Amino acid sequence: MKLKWTENRALACIVLAVAVLAGVVGIGGAKARSLAAEPAAWYADNMSADFAARESAAGSLIALARDAGVDESIVEQANAALDASCEAADSPSARYAAGLKLKTAVELLYNALPAPERDNMGGPAQMAWSEFSSRTSILSHSVPEYNALVRAAQEKLSGFPASLLAGGADLEEMA
């Protein structure tokens, strides 16, 4: 006697397995991806604009240094560091690492400016330097919170099956 499709236990087991698998992969995968996306969203909301403003201030200082006749090798070093920071904008940890080099290069550049231009309170160099320094300070205070979010996400996504469902989330702390 042939069973109706509604009485077929083998078919029922297959349908149940597919439904469970779809639920785990679909819902679990979405949850894992949202956990992985949390640090990136926090970075976009709280740090990205500060990086951009700092890079803009660095660009202003580079232009001022060029106009002031600062040694071209110092200007080019700062310009290369600025380019590297802008190119690393897709990865928070890479942007932070490039930003450390930018900070060093811009400090050297600022100190190479002629004293009257550098020390002119309210002058363009002083204003750009204040913006650069302020954004650097803000970023340094934001890094621990970002890193805590990355560590929390990494911990939640480290086990099975979350590690598979996260879609290979690449979460790195800012060193």
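All values reported here derive from a predicted model rather than from experimental measurement.
- Interatomic distance, H141 NE2 to D50 CG, rounded to the nearest 0.5 Å: 11.5 Å.
- Nearest heavy atoms, P39 versus Y146: O-CE1, 3.4 Å.
- Note that CG of N147 and CD of Q154 are 9.0 Å apart. Values are rounded to the nearest 0.5 Å.
- Nearest heavy atom pair, residue Q126 against residue N120, reads CB-O, 3.3 Å.
- Taking E76 as the reference, R66 meet the salt bridge (charged side-chain N to carboxylate O under 4.0 Å, His left out) condition, with sequence neighbours excluded.
- Residues L100 and I74 do not share a hydrophobic cluster, clusters being chains of Ile/Leu/Val/Met/Phe/Trp/Tyr side chains in contact below 4.5 Å.
- When each of V75, D71, L64 is paired with L109, the side chain to side chain contact (heavy atoms under 4.5 Å, CB included) condition holds for V75 and for no other.
- For the side chain to side chain contact (heavy atoms under 4.5 Å, CB included) with F51, the qualifying choice from T136, L102, L139, I138 is L139, the only one to do so.
- Inter-residue side-chain proximity for Y96 and M47 is flagged as unmet; no heavy-atom pair is nearer than 4.5 Å.
- Of the candidates E55, R54, K103, K101, S85 forms a side chain to side chain donor-acceptor pair (under 3.5 Å) with just one, namely E55.
- Scanning both residues, Q77 and L108, for their nearest heavy atoms gives OE1-CD2, 3.7 Å.
- Remark: the backbone N or O of S137 is paired with a side-chain donor or acceptor of S140 at under 3.5 angstrom.
- The minimum heavy-atom distance between R95 and A52, with the atom names listed, is NH2-N, 3.7 Å.
- R151 and E155 are not joined by a salt bridge, as no carboxylate oxygen comes within less than 4.0 angstrom of a charged side-chain nitrogen.
- A donor-acceptor pair is defined here as one N or O able to donate and one able to accept, closer than 3.5 Å; such a pair exists between the side chain of R118 and the backbone of N111.
- Closest non-hydrogen pair, R135 versus A49, comes out as NH1-O, 4.4 Å.
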*Apply side chain to side chain contact (heavy atoms under 4.5 Å, CB included) to F132 and S60, showing your working.*
CA-CA 10 Å; F132 184 85; S60 296; over 6 Å; no
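- A single hydrophobic cluster is not seen to contain both M127 and Y110; linkage of ILVMFWY side chains at heavy-atom distances under 4.5 Å, directly or through other members, places them apart.
- Minimum interatomic distance between A65 and L113 (heavy atoms only, all atoms of both residues): CA-CD2, 3.6 Å.
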